[in-house]
Structures are given as C-alpha cells and as structure tokens.
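Computation of the quantities below employed the complete heavy-atom set of this structure, encompassing side-chain atoms and omitting hydrogens, waters and symmetry-equivalent molecules. Letters A, B, ... are given to chains in the order of the sequence lines, protein chains preceding strands, and every chain is numbered from 1. Treat the numbers as computed from the prediction; the structure is a model and nothing was measured.
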Amino acid sequence: MDKVYNHQDVEEKIYEQWEKAGTFQPEINPQGKPYTIILPPPNANGDLHFGHAMFVVEDILIRYHRMLGDSALWLPGTDHAGTETQFVFEKKLQEQGKSRFDFTREDLYHKIWDYVQENRGGIEKQLRRLGFSLDWSRQKFTLDADIVSLVKQSFKKMYEDGLIYRDYRLVNYCTRDGTSFSDLETISEEKEGILYHIKYPIKEGGFITVATTRPETMFGDVAVMVHPEDARYKQLIGKTVVLPLTNREIPIIADETVDKEFGTGAVKVTPSHDFTDYEVGRKHELTFPPVIGWSGKFEKTGVVDGFYVKQARQKTLELLKEQNLLEKEEPHKMVVKICYKCKTVLEPLPLEQWYIKVKPLVAKALESIEKQEIEIFPKNFAQTLNFWYNNLKDWNISRQNVWGIQIPVWYEVTDENLFAVSFIDKQGNLKQGILADLLKEGSEWEEILAGLQRVIARMEAKVVFEDNKIEDKKYLPETDTFDTWFSSGQWPYVTLKTTKAGDFEKFYPTSVMETGRDILFFWVSRMIMLGMYLTNGQVPFKNVVLHGLVNDPLGKKMSKSKGNVVNPLEVADQYGADALRFALVYGNALGNDQAMSYPKLEAMRKFTNKLWNMARFIEFQARNLYPQIDLNQIERKVVEVNNLHANDQEWLKKLDVLSQEISNYIDAYQFNLAAEHLYDFIWHEFADKYIEDVKTRNDEDSFGALCQMFEVQLKLLHPFMPFVTEEIYQKMPGHQGLLITARWPGVRE
RNA sequence: GGAUUUGUAGCUCAGCUGGUUAGAGCGUUCGAUUCACAUUCGAAAGGUCAGAGGUUCGAAUCCUCUCAAGUCCACCA
C-alpha cells in the first residue's frame with residue numbers, strides 16, 4: 001500500500017466494480033424488505049451543483065438499508081424542466097440572431113430535444129462521480145413516451161373526476177417569454193413607484209379623484225370603486241363617471257375591499273389587468289375589456305394602441321395633464337411581480353387556462369400529515385407546509401411553452417367559435433387571422449397545426465381526448481403544455497409504473513423523499529396531492545427529509561450572476577468524493593443552510609488518509625505475523641471472546657454501542673451526529689488509543705480482533721465514505737466479498 | 001403585514017426530547033515524534049451559549065418579550 005491515500009486511483013475503479021456486480025439494483029437483496037428513494041430528477045440539460053451533491057444524504061440512506069439487507073432501490077431520472085430549458089435554448093437562439101418565432105412549433109420542439117440529448121449524459125456522469133449508488137437500469141426521463149402517456153392519462157382522469165377546469169382569468173404573463181406562470185414562479189420586488197391622482201369627471205357634475213399606480217390601464221376601466229361607508233363618497237355611489245380620453249361612461253360602485261385611508265379612497269377598476277380588480281369585476285358582474293395584448297402592446301384603446309406599457313403611461317399622463325386632470329403625483333413604494341427567469345415585469349392578462357381544483361386534494365394531503373402517514377424532517381417544516389396548503393389557490397397548469405408535455409385536449413371547431421390563429425406558412429411568412437378564413441384562403445391544415453403559436457379563444461370548449469387520433473378538421477388541439485411540476489408532481493407514481501414489472505406493487509409507497517427545502521412547495525406538496533389522488537389515497541412517500549442550501553465559503557448564496565459558484569466536481573477531484581460527501585454532512589444539522597468550507601474539506605481528506613494508514617498498520621502487523629504468507633491468503637483467526645485480552649473485550653463492547661448509536665442516528669436522519677461520532681471514535685478513540693496500545697503485542701488473537709474491529713468501523717463509515725472504505729476493505733486480510741453488500745454490524749445474514 | 005429560521009470559542013458550525021467541568025474542524029501557544037500517518041501524538045489558551053424576564057432542585061436547551069441577520073409568503077390600488 002502507498003504511503004498516502006490517493007483517491008484518484010480508487011474512486012472510478014471502485015464505482016465500476018460496484019456497478020458490474022449489480023449491487024445498485026434492489027435484486028441484490030431479493031428477500032429483503034423494500035426500501036425506496038426516488039431521486040429528485042435534475043434538469044436533463046443541467047450540470048451538477050451543490051444542491052445535487054446534497055443527495056449524498058440519499059446515498060447514505062440507501063447504502064445503510066442495502067447493508068441492512070433491504071431490497072434498496074434508488075431510482076434515478078431527469079426532468080425536462082419546461083420553462084427553464086426553453087429559456088436557455090432561446091438564449092442560444094438569440095445569440096444566433098434568431099427567436100422561437102422563426103420556427104414552427106414542431107421544429108422548435110425537435111431542436112430543443114436534440115439540444116437536450118446532446119447534454120443529457122452529463123448529469124449522469126456527474127452523479128456517478130460522487131459515488132451515488134443509483135440503479136441506472138431503471139433510469140427515467142419526464143419525456144419518455146410511457147411517462148408522457150401516464151401523465152396525460154392522469155389529466156384525463158382528473159378532468160373526468162371534475163378536478164380540472166378551464167377558466168378565463170388573469171394570469172401572471174411574461175410578455176417576453178410568452179408564457180404565463182403560476183404564483184410560485186414569480187418574484188415580488190419592491191420598487192419606487194408613483195401614485196397618480198387622477199380626476200375623473202362625473203356625468204352629473206363635479207369630479208371624483210382616483211389614485212392609481214397604473215394610469216395607462218384606464219382604457220380598460222369599467223367602474224370606479226369606493227368604500228360603502230366612506231362619508232366623502234357615499235352620495236356618489238350609483239352615479240356615472242365619464243372616463244377621460246375616451247368618454248366612455250362607467251358606474252361608481254361600492255365595495256369593502258377599498259381602504260378608505262389609502263390614496264384618495266377611490267379606486268379605478270380594471271378587471272382585465274389587475275388581480276384585485278378582477279375579483280371585484282366577477283363579484284359585481286362587470287365586463288372585462290382587455291387593452292393590453294400578448295406582446296405587451298396596447299390595443300383597442302383608440303388612443304395608445306401599439307404602445308408598450310412605459311410609452312403608453314407617458315402618453316396617457318401627457319394627455320391627462322393637457323386636460324388638467326392630473327391632480328397630484330406622489331412617490332409610492334410598491335411591489336411588482338417579475339418573471340423569475342428574465343426579470344421582466346409580469347403583466348396580469350386574461351387568458352383561457354387549465355386549472356386544478358386544489359381543495360379536495362389539499363384536504364387529503366393535510367390529513368396525511370395530520371395522521372403522520374407522512375412525516376417531515378426537520379419537523380418544523382410540517383407547519384410551514386400546512387400553512388401553505390391552507391392558503392393555496394387553484395393551480396394553473398397551462399404553460400405557453402413548446403418544451404413540455406402538450407395538454408391532451410382537442411376543441412371542437414364549430415361555426416360559433418372564432419379562432420384567432422397565428423402561424424408560419426411554408427414560405428416562412430407569418431400569417432394571422434381567423435381560423436375559418438385562413439382555411440378558406442387555402443392554408444394547409446397541417447401547416448396551421450404545426451405552426452400554431454397560440455389559440456386565443458373565448459369559448460365553451462368541448463373537450464375531446466382521443467389521443468393523437470384526431471385527424472378530422474373539426475378538432476383543434478390545445479397548444480399549451482403542462483407546467484413542469486404537473487408531470488414531476490407525479491414522479492414517484494409514473495416512474496415505478498414504468499420501470500420493471502411489479503416495481504410499483506413492491507416499491508410504492510416509497511420510503512423517503514429527500515430534497516432541497518427550497519422546493520417543498522413547488523414539488524413535494526404537489527407530489528403529495530397528485531400521488532394520493534392517483535393511488536386512491538396512498539401517500540407517495542412516508543418520510544420527507546429536507547436539506548438546506550450550500551452557500552459559498554462566505555455564506556452567500558451561490559449564483560451565476562455573482563460569479564461565486566463552486567463546482568462540486570472540482571472539489572471532488574481535489575479532495576476526493578469521500579471527503580466532499582463527509583464534509584457536507586459533518587457539522588451541519590439537517591435542513592440548515594451551510595457555507596462550504598475548504599478547511600473542513602481538507603480535514604476530511606486527512607481523515608481518509610488516516611483510515612488508509614490504519615489499514616497500512618494492519619498490513620504491517622500482518623507482515624510481521626505471517627511473513628511467509630501472501631496477504632490475500634491469510635486466514636484470520638476468528639475471534640473467540642474468551643481468548644481475548646480483557647482490554648479487547650471492552651473495545652468490542654464499545655463498538656457494539658457505537659454501532660447502535662450510528663444506526664439510531666441514521667434512522668432519525670441525524671447524519672451530522674453519526675458522522676461526528678464516527679470521526680471521533682475512529683480517529684481519537686480507536687486509532688489514538690487502541691492501536692497505540694496494540695502496537696506492543698502482536699499475536700494471532702490480537703490481530704484477529706484488530707481486523708474484526710476495524711471492519712466494523714469500515715462498515716459503519718461506508719454509507720458516508722463509500723470509496724475509501726471499500727478500497728480498504730478489499731485489502732483487509734481475509735475479507736469476503738464487497739463492502740457495499742456486506743451486512744451492517746449486528747445484522748444477521 | 002404575516003410566517004419561519006438563525007444569533008454558542010478568533011473563524012465555520014455541532015449540541016437544544018432540560019442534568020455532572022459547553023464540543024468539533026480550522027486557527028493560536030507549548031512539548032514530543034518521524035516508529036502505519038506529505039505527518040501524527042500529547043498538552044494548553046480561548047465562551048457570563050445575542051439581551052432581559054419567567055418556569056424548574058437544575059436551562060445554551062422550555063416559555064415570554066426585545067434587538068440583530070436571513071428566508072418564504074401576502075391583491076393595499
């Protein structure tokens with residue numbers, strides 16, 4: 001053995017050895033109890049980052065349970081990550097001076113597909129690099145045909161059960177990315193804005209002054225609203241306002257949502273472009289005239305048509321000033337929602353979208369947490385999740401993306417329905433118009449379908465599900481795709497249903513869902529709701545285990561824009577995957593964020609070296625004891641307790657205690673404590689004291705005891721530091737088989 | 001505005017189902033060794049556990065409040 005442990009020579013070789021021996025597959029322990037973890041699928045197009053490196057926690061659990069003799073399955077997969085990936089791809093297009101509007105829908109989809117395929121192997125290689133014992137024979141991708149088919153079936157089932165509906169309502173729309181977003185996908189940003197006080201003339205005489213931050217949307221006003229108890233305005237309720245610039249007449253209405261203290265106490269109501277106003281509009285049965293289009297440009301105002309929001313605001317204010325209707329401008333702190341990808345200010349726009357009724361699903365989910373069918377670690381996150389569930393609104397699952405699973409719905413085209421369609425024809429020209437007219441003009445139906453960018457329709461959709469079989473021209477397919485989380489929200493279900501026969505029956509419900517605490521809402525909450533729905537109330541996993549974020553050495557969040565991202569693979573190359581793994585769990589309680597630390601990594605690297613040298617000492621002892629025999633041929637004397645040195649008997653007891661402790665810690669997801677105790681015992685108890693002591697004696701019994709005790713420690717440490725322990729184990733005189741499949745201390749074969 | 005997390009040695013963090021002298025890594029000081037250890041071993045210094053109050057025989061650990069930092073959620077136009 002070399003004087004120093006060299007992880008570069010070991011890690012790749014060992015991983016191959018494990019994989020060749022089929023040890024990652026649950027079938028290695030055919031008789032064992034099922035123990036299942038589904039890997040949170042990383043973006044197929046992405047790179048491994050520290051968030052993924054924290055999956056080491058899952059590997060610890062899987063390796064531990066494999067050693068316990070369980071049929072342990074850790075199922076890998078990747079996610080298509082709809083908006084994310086399309087965003088990245090469009091950026092690439094932009095660099096080439098193109099945009100997605102230069103391609104038909106289908107072309108774009110295939111281009112992204114190819115792009116993802118090119119990069120897809122990367123993440124898998126990287127997961128292997130960290131020693132993750134994933135069962136690659138069961139790997140899945142969210143756009144695998146069988147997965148897609150199941151996801152569509154789920155949608156259909158939910159539709160038929162009345163859990164899904166289509167509705168015309170305001171969505172968070174990014175005019176730049178050309179898609180809507182769920183509430184979760186928006187970022188609220190505080191901004192210095194201006195509150196404008198605008199005088200609206202009253203038909204019966206006088207003025208009422210409204211306060212607004214968005215004067216330009218006044219073209220979409222349908223009412224002015226005051227508080228019913230407001231003495232200033234009480235007598236005005238029911239009167240009519242003549243909207244400036246357009247002279248449209250709108251009523252003054254009363255509603256309690258108005259805060260008398262804020263602004264002037266009078267509010268303009270613009271139901272198509274403001275969420276609160278939309279609610280008011282519904283309640284008071286007002287109309288919803290949209291004045292901003294999908295591109296973010298104004299339309300149907302007769303005044304600022306074709307202008308973007310900023311210009312429209314300027315122009316509107318100018319015109320109001322000319323008429324002396326702008327009473328006052330005051331600075332005002334406001335919160336705007338921006339796109340989490342491109343940071344554009346989101347526009348609330350009315351759109352026909354598919355929604356999931358969350359109430360019934362939430363009720364089941366809450367019950368499962370209440371009854372502890374699902375337990376969350378650390379525990380306090382259960383409260384957070386409860387709170388979130390209780391305030392959850394219906395879930396918009398429509399995305400106007402190409403990269404994703406198309407919503408499997410066809411609409412019947414009837415004469416009453418007018419479709420505004422835009423598409424690229426064979427000559428590459430952009431065509432827009434009413435569908436029926438375009439067909440009359442001789443456009444090819446296939447062309448329209450392929451190039452369909454968006455169907456804007458207000459209609460009672462007659463929904464048809466005949467998947468892919470509809471060729472009749474009277475049906476028009478939905479062009480929207482599912483929110484990525486709608487498919488990944490079914491992940492434990494759809495993966496196990498499509499891997500190997502019997503997998504679902506054996507491995508569902510899964511044992512643990514371990515993931516970053518930042519996607520508790522996005523993902524975990526949805527998996528609980530959808531998973532329970534799809535399996536008649538069976539929870540998708542029994543325990544949820546959440547890890548925190550890994551920040552840079554200064555404790556700042558790693559981000560590309562800050563340029564402080566550290567690549568975990570480079571760390572693994574430098575310190576060894578084992579040291580990296582150990583550093584991530586050592587000294588950090590589960591669920592807490594941590595700052596990555598180079599001194600800690602260095603300390604853990606030294607620990608691997610310490611282990612190596614403990615093994616060298618054993619080799620050294622063996623050479624002295626059995627000078628004639630090849631190390632591999634040594635038959636170790638099986639330890640008879642009675643023959644042992646009194647001292648050794650005590651050490652054996654200590655090891656029993658340690659084994660029990662480590663098991664308990666892992667069972668309780670207290671990985672940091674397990675790691676700390678192992679580190680401390682192995683180094684500062686066993687190496688510093690026992691080995692120092694045993695140096696003075698060298699007989700067969702002592703040697704046997706030494707080997708046996710060291711092996712116990714290798715086993716206990718293996719889930720945390722799999723490579724170095726495996727390598728050493730195989731060098732131990734008289735060892736048997738692989739450490740990865742050895743039995744955990746105290747467990748019988 | 002609500003929720004939530006964190007505040008412990010110079011630095012990074014454990015410990016917090018309450019119980020003997022509060023721990024680790026790195027750093028610092030002193031000594032030993034090169035005998036398995038590109039080192040390692042032994043020893044030491046360093047903390048009124050953010051602050052105040054309370055519960056208790058006993059609190060870093062439970063409760064209340066205050067201060068500070070962070071995160072998430074929220075329709076104040």
Side-chain angles (χ1 to χ4, degrees), chain A residues 1-6 170 183-184 186-188 193 195-198 210-215 217 224-225 257-270 273-280 332-335 337 348 378-381 383-388 390-393 517-518 520-521 548-549 551 553-557 582-583 585-623 668 670-673 675-677 679-680 683-684 687-689 691-692 694-695:
Chain A
M1 287 172 80
D2 292 341
K3 207 169 178 190
V4 178
Y5 173 60
N6 199 342
L170 295 195
D183 291 338
L184 267 182
T186 65
I187 301 170
S188 297
L195 190 63
Y196 300 94
H197 292 233
I198 303 170
V210 300
T212 180
T213 54
R214 297 206 63 183
T217 62
V224 169
M225 174 167 70
T257 55
V258 179
D259 179 355
K260 287 186 282 189
E261 308 305 318
F262 186 86
T264 60
V267 190
K268 68 198 224 17
V269 181
T270 321
H273 299 294
D274 181 279
F275 286 100
T276 315
D277 293 1
Y278 178 84
E279 295 303 323
V280 171
H332 172 62
K333 263 195 193 143
M334 54 192 260
V335 176
K337 282 186 177 178
K379 287 202 169 73
N380 54 293
F381 282 102
Q383 198 189 334
T384 319
L385 186 58
N386 265 324
F387 184 81
W388 188 79
N390 281 314
N391 291 289
L392 190 59
K393 290 187 212 151
R517 58 131 231 260
D518 50 327
L520 177 64
F521 300 145
L549 302 168
N551 294 321
L554 299 173
K556 298 264 181 271
K557 196 170 172 175
F582 212 70
V585 292
Y586 185 98
N588 182 259
L590 188 76
N592 286 351
D593 293 353
Q594 63 176 312
M596 65 154 297
S597 150
Y598 288 106
K600 194 154 112 182
L601 285 162
E602 181 57 24
M604 296 313 156
R605 208 216 85 236
K606 281 187 181 165
F607 184 44
T608 58
N609 193 51
K610 184 73 185 179
L611 290 164
W612 185 255
N613 276 290
M614 289 166 78
R616 278 188 75 207
F617 172 73
I618 289 173
E619 184 191 38
F620 178 81
Q621 292 282 75
R623 283 267 148 73
Q670 294 177 310
F671 306 103
N672 59 320
L673 295 179
E676 285 156 32
H677 279 238
Y679 179 96
D680 190 59
W683 196 321
H684 299 300
D688 288 354
K689 296 185 182 140
I691 290 187
E692 289 305 318
V694 87
K695 273 179 182 173

Of all the heavy-atom pairs spanning A/E676 and A/N588, show the shortest one and how long it is.
-> OE2-N, 4.4 Å

Relative to the 5' end of RNA chain B, which residue comes earlier, A/M614 or A/M596, by the nucleotide with the nearest heavy atom?
-> A/M596

Over how many whole Å does the gap from A/W683 atom CH2 to B/G42 atom C1' extend?
-> 15 Å

If we take the C1' atom in both B/A60 and B/G23, what is their distance in whole Å?
-> 12 Å

C1'-based separation of B/C30 from B/U20 [nearest Å] | 30 Å

Between A/R605 and A/N380, the residue closer to the 5' end of RNA chain B by nearest nucleotide is A/N380

Can you check each nucleotide of nucleotides 72-77 of chain B against protein heavy atoms at under 4.0 Å and return B for base, S for sugar-phosphate only, - for none, in 5' to 3' order?
-> SS-BBB

For B/U40, the Watson-Crick or wobble counterpart (both distances under 3.5 Å) | B/A32

Parallel, tilted or perpendicular: which fits the ring planes of A/F607 and A/W683, with parallel below 30° and perpendicular above 60°?
-> parallel

Whole Å only: how far is the CD atom of A/E692 from the P atom of B/C37?
-> 11 Å

Correct closest heavy-atom pair for A/A583 and A/K600 would be O-CE, 2.8 Å

Looking only at heavy atoms, what is the nearest atom pair of A/A211 and A/G263, with distance?
-> CB-CA, 3.9 Å

Rounded to whole angstroms, how far apart are CD on A/Q670 and P on B/A14?
-> 13 Å

A/D593 (side chain) donor-acceptor with A/L549 (main chain) under 3.5 angstrom | yes

Do A/T257 and A/V280 come within less than 4.5 Å of each other through their side chains, counting heavy atoms only?
-> yes

Could you check whether A/I691 gets within reach of a base, just the sugar-phosphate, or nothing at all, counting any heavy atom under 4.0 Å?
-> base

When rounded to the nearest Å, what value does the distance between P atoms of B/U5 and B/A52 take?
-> 23 Å

Re B/C26: Watson-Crick or G-U wobble partner, both distances kept under 3.5 Å, found to be B/G10

Quantified in whole Å, what is the C1' atom distance between nucleotide B/C11 and nucleotide B/U56?
-> 36 Å

A/L549 has an atom CG; how far is it from atom P of B/U5, in whole Å?
-> 16 Å

Between the protein and nucleotides 20-25 of chain B, which nitrogen or oxygen pairs come in under 3.5 angstrom?
unit_1: B/A24; atom_1: O2'; unit_2: A/Y586; atom_2: OH; d: 2.4

Whole-Å C1' distance, B/G58 and B/U21 = 16 Å

Test for a donor-acceptor pair under 3.5 Å between the base of B/A36 and the side chain of A/K3, counting only N and O atoms.
-> no

Hunt down the Watson-Crick or G-U wobble partner of B/U48, both distances under 3.5 Å, from any strand shown, or write none.
-> none

Whole-angstrom distance between B/C37 and B/A32, as gauged at atom C1' | 16 Å

Mind checking whether A/T384 and A/F521 have side chains closer than 4.5 Å, heavy atoms only?
-> yes

Presence of A/N592 side-chain N/O under 4.0 Å of B/U5 phosphate oxygens OP1/OP2 | no

Just name whichever nucleotide pairs with B/C76, Watson-Crick or G-U, keeping both distances under 3.5 Å, else none.
-> none

Indicate whether any N or O donor in one side chain lies under 3.5 Å from an N or O acceptor in the other, for A/H684 and A/D688.
-> yes

CG on A/L170 to NE2 on A/H273, rounded to 0.5 Å | 8.5 Å

Taking the side chain as C-beta and beyond, is there a heavy-atom pair between A/L601 and A/M596 under 4.5 Å?
-> yes

For A/L601 and B/C11, give me the distance from atom CG to atom P, rounded to whole Å.
-> 21 Å

Would you tell me if any nitrogen or oxygen in the side chain of A/Q383 comes within less than 4.0 Å of OP1 or OP2 on B/A3?
-> no

A/F262 and A/H332 aromatic ring geometry - parallel, tilted or perpendicular at 30°/60° bounds = perpendicular

When the C1' atoms of B/C63 and B/G31 are considered, how many whole Å apart are they?
-> 49 Å

Atom NZ of A/K606 and atom C1' of B/C41: how far apart are they, to the nearest Å?
-> 14 Å

Does B/U4 pair with anything, Watson-Crick or G-U wobble, both distances under 3.5 Å, and if so, with which nucleotide?
-> B/G70

Rounded to the Å, how far apart are A/Y5 OH and B/U40 P?
-> 17 Å

Rounded to whole Å, the CG-C1' distance (A/N613 to B/C37) equals 3 Å

For B/U4 versus B/U40, give the span between their C1' atoms, rounded off to a whole number of Å.
-> 46 Å

Do the side-chain N or O atoms of A/N588 get closer than 4.0 angstrom to the phosphate oxygens (OP1, OP2) of B/U12?
-> no

Determine whether A/L195 and A/M334 make a side-chain contact, defined as any pair of heavy atoms from C-beta on separated by less than 4.5 Å.
-> no

According to a strict under-4.0 Å criterion, is A/N609 in side-chain N/O contact with OP1 or OP2 of B/U40?
-> no

Distance-only donor-acceptor test, A/Q594 side-chain atoms vs B/A14 base atoms, 3.5 Å | no

